[in-house]
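Heads up, the thing below is written out as structure tokens.
Atoms considered below: every heavy atom in the structure, side chains included; atoms not considered: hydrogens, waters and symmetry mates. Just so we're clear, the structure is a prediction, and the values are computed from it rather than from any experiment.
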Amino acid sequence: MALNDFQRFNIHEIENVMRKGNKKFIRFLDEVYELKGIKYLLTTIKSSGLYLNLYNNDKQNQLIKEVTEHLRKRLNNHEFEQLNKLIDEANKLYKLVVQFNEKKDEYFNRFVELNPNNMVSSYVLSLERFLSSLHSEQFDSEIWRTRVGLFDSAVESTGMILKSFMYNNIDFCRHNNNISDSLLDISNKHIDFSIFWVEIDNIINLWKYSSVKIDEYSELEIFKVNIEDKEFQLNNIVSNARYINLKDSWEFSILGELVSKYELNDIKAKEELLKEQKNKITYLVSGLLFGTVTLEETVDNVKLHRWLSAYQLLVEECQRFLKKRNEEKYSLKEYCLSKTKKQWKEFFTRHGLNKSEFSVIFEGFIFSKNSQDITDTPFIKFDDLFVVVPSLLVNSDIPRALASNFLNRKLELSFRGTGFEERTKVGLKMRNIKTGSLYKRDNETEYQCDVVFKIGSDVFFVECKSHVQPYTTRQHANHLYKLYEETSQINRIADYFVEHLDYVKDQLKINDNEQILNTHRLIITTSMVGAPLYINGVYIVDESSFNTFISRSKPSMKLLNKDKFSEINSNKYEIYNGEITTGKILEFLKNPPQVEIMEEFISEQTIELGNIILTRLFQVQSTMHIGQEIDKFTADLAERHYVNSTELNELYNNEN
């Protein structure tokens with residue numbers, strides 16, 4: 001798989017220039033055209049979202065007019081036709097949004113009882129009721145995946161719904177009103193509409209940063225949408241799936257240990273035991289996400305572990321609230337966790353936060369038009385109350401919520417994470433691989449290599465980069481651009497030390513009779529890589545998969561059935577066997593097994609969403625299986641990547 005044309009992901013530069021005024025943006029487009037040609041010009045215009053004026057903003061309409069007129073004179077006929085094609089695609093996307101809004105308004109306008117004064121509170125209550133209903137006594141793989149999928153969709157769509165209320169100037173009020181069951185049933189339709197909107201929003205962002213084909217059939221009132229850029233889409237899905245898979249596998253392993261240790265038939269009791277371990281998982285995942293073991297680094301002048309503590313306190317308060325709440329009264333104060341700012345301050349300071357920490361964290365947790373979603377910013381302001389949706393918070397992914405909060409608010413996260421380089425060197429030393437760091441000052445210029453190691457006659461120059469795990473299409477685009485930019489840094493450093501190999505040999509204490517025949521460049525990032533990446537002569541891999549290779553920990557499948565837990569390690573990858581060699585590490589870097597396996601969990605499917613026939617990639621399988629017989633898909637997957645199907649079924653059946 002080959003990702004290329006990383007300039008299309010240079011989102012922030014493009015948007016920053018747009019904010020500087022129409023003349024500067026047009027001048028910027030001229031420079032792109034002169035330096036890189038029509039292809040990059042069109043890519044830049046798409047990434048800017050210029051022609052996607054979804055809210056019919058007058059200022060943007062004026063910019064569209066000026067840019068179009070300028071380029072009409074600047075481009076030749078063929079080039080301007082290409083721009084018109086782009087504009088036509090944007091207009092089709094705009095039509096999709098308009099038609100969606102019309103259908104949504106048509107539905108809700110039929111119900112006069114759902115008036116603007118109770119619209120927002122009705123929705124929040126219906127959301128809490130919906131999330132509460134997702135909990136089930138049954139707990140097999142299919143129900144587990146369905147429940148997770150519904151929860152994630154509801155979370156992602158909720159932010160969009162609340163922001164649409166804000167953009168439409170619908171008041172967030174009436175928190176004391178009791179809402180009827182019938183009104184909540186009507187309001188619940190917001191969730192269905194917004195899950196539909198999540199797909200439209202994803203289509204828009206994939207169009208902006210990659211390639212999407214849109215065909216309109218006016219007579220049938222149907223749009224056919226095909227996500228053509230499979231590489232970018234696959235990267236995003238694999239990266240997200242691998243992050244979630246790692247977190248879930250830790251929880252799954254703990255669940256397996258618990259069910260083996262305790263003879264419990266009550267699945268709820270087992271889940272309670274699992275919850276007790278969640279704090280440990282939260283800190284493990286936070287270390288992975290933020291590239292630090294201590295979590296002592298500061299974000300917005302508050303230490304990371306204090307942000308985590310604050311969110312955990314909020315989750316624990318939601319758990320207490322749910323145990324005692326009145327299930328028959330549907331008002332925000334009775335059915336959702338609600339406190340005034342003063343009450344929240346008393347709560348957090350009583351549990352150890354100082355006033356300064358509370359002030360920063362509380363403001364950072366308030367939902368606004370600029371929020372990503374409701375887990376990032378869990379406080380919804382109604383009059384003088386700040387309301388939390390409790391069933392959403394108790395099932396939230398705390399590290400990912402905080403990471404998304406920080407990224408969305410563009411907070412400074414430039415710290416590299418204490419110990420990242422040391423962790424890497426320790427792992428290498430445990431395999432008796434010569435490793436160290438390099439630093440040289442030459443003519444007032446500094447050259448510093450985080451990690452360098454030698455295998456055989458090959459030396460690897462390594463840059464360790466602590467990146468927050470991306471999640472949205474936009475975040476993935478920006479993350480890929482960061483990685484692309486960072487290859488320049490490692491290449492500058494490696495170029496210098498390749499010219500001074502005697503210094504490298506001295507620092508690594510390499511004997512004079514040992515040769516360095518080849519050198520390689522490598523970036524290791526804390527965020528999950530979603531594709532084999534080799535950019536500008538630099539391999540890019542994530543810390544998680546690199547560590548498993550160095551520690552010789554093979555990919556595994558996890559099975560849980562009838563209170564028995566099995567973890568099946570792969571015997572299909574020779575690169576994990578025996579001594580680490582240059583050949584094995586290069587084979588690993590060119591095609592990390594974790595990425596290769598996850599790619600097979602994803603397939604292209606076509607679904608119908610209202611008037612949209614959408615063809616895109618979906619995740620269709622998992623490495624974790626609960627309470628199910630091994631199906632043919634899983635058996636075939638095991639045959640290719642883990643153990644043969646006979647061994648798999650024997651292991652599974654023996655557990656039964």
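- Counting heavy atoms from C-beta outward, Tyr33 and Thr44 have side chains that stay 4.5 Å or more apart.
- Put simply, the side chain of Ile11 does not reach to within 4.5 Å of the side chain of Ser47, judged on heavy atoms.
- When atom types are taken as modelled, the side chain of Asn168 and the backbone of Ile170 share no donor-acceptor pair closer than 3.5 angstrom.
- For the pair Glu327/Tyr335, a side-chain contact is recorded, criterion being any heavy-atom separation below 4.5 Å from C-beta on.
- Remark: the Gln469 side chain and the Ser239 side chain contain an N/O donor-acceptor pair separated by less than 3.5 Å.
- With respect to the salt-bridge test (charged N to carboxylate O, under 4.0 angstrom), the residues Glu15 and Arg474 qualify.
- Pairs passing the salt bridge (charged side-chain N to carboxylate O under 4.0 Å, His left out) check and including a residue from residues 120-129, sequence neighbours excluded, read Glu128-Arg325, Arg129-Asp181, Arg129-Asp185.
- With hydrogens and angles left out, the side-chain atoms of Arg19 and Asn16 include a donor and acceptor closer than 3.5 Å.
- Ring planes of Phe165 and Tyr123: perpendicular class, angle over 60° (limits at 30 and 60°).
- Within 6.0 Å of the CD atom in Glu34, the count of heavy atoms belonging to other residues, nucleotides or ligands exceeds 12.
- Taking the six-membered ring where tryptophan is involved, the planes of Phe172 and Phe382 are tilted, since the angle between them lies from 30° to 60°.
- A salt bridge is defined here as a Lys NZ or Arg NE, NH1 or NH2 lying under 4.0 Å from an Asp or Glu carboxylate O, and Glu69 with Arg72 meets this definition.
- Of the possible polar contacts, none joining the Gln372 side chain to the Asn405 backbone as a donor-acceptor pair under 3.5 Å is found.
- Side chain to side chain, Asp192 and Tyr107 fail the donor-acceptor criterion of an N or O pair below 3.5 Å.
- In this structure, the ring of Tyr209 has its center no less than 6.0 angstrom from the ring center of Phe232.
- A heavy-atom distance below 4.5 Å is not found between the side chains of Ile204 and Thr473.
- Annotation for Val315 and Ser396: closest pair CG2-OG, 4.3 Å, computed over non-hydrogen atoms.
- Residues satisfying the ring pair (Phe, Tyr, Trp, His ring centres under 6.0 Å) criterion with Tyr311, sequence neighbours excluded, are Phe365.
- A pairwise comparison of heavy atoms in Lys213 and Asp215 identifies CE-OD2, 3.4 Å as the closest pair.
- Shortest non-hydrogen contact noted between Phe25 and Leu50 is CE2-CD2, 4.3 Å.
- A donor-acceptor contact shorter than 3.5 Å is absent between the side chain of Glu334 and the backbone of Ser331.
- Between Phe9 and Phe6, the ring planes lie perpendicular to each other; the angle is over 60°, past the 30° to 60° tilted range.
- Side chain of Thr68 to main chain of Ile64: a donor-acceptor pair is present (N/O by atom type, distance under 3.5 Å, no hydrogens or angles).
- Between the side chain of Arg242 and the backbone N or O of Val529, at least one donor-acceptor pair lies under 3.5 Å.
- Judged by the 6.0 Å distance and 45° axis criteria, Lys369 is positioned over the aromatic ring of Tyr167.
- Proximity of a side-chain donor or acceptor of Lys230 to a complementary backbone N or O of Ile227 within less than 3.5 Å is detected.
- Partners of Val468 under the side-chain contact (heavy atoms from CB on, under 4.5 Å) rule, at least two apart in sequence or in another chain, are Phe290, Ala403, Leu407, Leu413.
- Under the ring pair (Phe, Tyr, Trp, His ring centres under 6.0 Å) criterion, Phe367 pairs with no residue at all, not counting sequence neighbours.
- With sequence neighbours left out, Ser368 forms a side-chain contact (heavy atoms from CB on, under 4.5 Å) with Asn370, Ser371.
- Phe379 is listed as a side-chain neighbour of Val388, based on a closest heavy-atom distance under 4.5 Å.
- Leu322 is listed as a side-chain neighbour of Val394, based on a closest heavy-atom distance under 4.5 Å.
- For the pair Thr526 (side chain) and His467 (backbone), a donor-acceptor distance under 3.5 Å is present.
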Before giving the answer on side-chain contact (heavy atoms from CB on, under 4.5 Å), spell out for Leu75 and Leu41 the whole-Å C-alpha distance, their side-chain angles and the decisive distance to 0.1 Å.
CA-CA 11 Å; Leu75 305 179; Leu41 173 66; 3.9 Å; yes
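- Residues Ile613 and Tyr217 are not in side-chain contact: their nearest non-hydrogen atoms beyond the backbone lie 4.5 Å or more apart.
- Shown here is Lys163, whose NZ atom has more than 12 heavy atoms of other residues, nucleotides or ligands within 6.0 Å.
- No side-chain donor-acceptor contact under 3.5 Å links Glu66 to the backbone of Asn22.
- Heavy-atom minimum distance, Leu392 versus Thr375: CD2-CG2, 3.2 Å.
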Expected list for residues 88-99: side-chain donor-acceptor pairs under 3.5 angstrom, two or more places apart:
unit_1 : atom_1 : unit_2 : atom_2 : d
Asp88  : OD2    : Lys92  : NZ     : 3.4
Glu89  : OE1    : Trp207 : NE1    : 2.7
Asn91  : ND2    : Ile87  : O      : 3.4
Lys92  : NZ     : Ile214 : O      : 3.1
Lys95  : NZ     : Glu216 : OE1    : 3.3
Lys95  : NZ     : Glu216 : OE2    : 3.2
Gln99  : OE1    : Asn611 : ND2    : 2.5

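- Looking only at atom types and distance, the side chain of His479 has a donor-acceptor partner in the side chain of Ser527 under 3.5 Å away.
- Considering only heavy atoms from C-beta on, Leu314 comes within 4.5 Å of Trp344 through its side chain.
- Residues Ser338 and Leu332 come closest through the heavy atom pair OG-O, 3.0 Å.
- The distance between the ring centers of Tyr481 and His12 does not fall below 6.0 angstrom.
- When every heavy atom of Cys336 is checked against every heavy atom of Pro390, the shortest pair comes out as CA-CD, 3.9 Å.
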Evaluate the side-chain contact (heavy atoms from CB on, under 4.5 Å) criterion for residues Ile380 and Val389: first the C-alpha distance (whole Å), next the side-chain angles of each, then the deciding distance (0.1 Å), finally the verdict.
CA-CA 9 Å; Ile380 310 169; Val389 182; 4.2 Å; yes
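- For Asn118 (side chain) and Ser122 (main-chain N/O), no donor-acceptor pair under 3.5 Å exists by modelled atom type.
- Of the possible donor and acceptor atoms, one in the side chain of Lys381 sits under 3.5 Å from a partner among the backbone N and O of Asp383.
- How far CZ of Phe362 is from CZ of Phe386: 4.0 Å, rounded to the nearest 0.5 Å.
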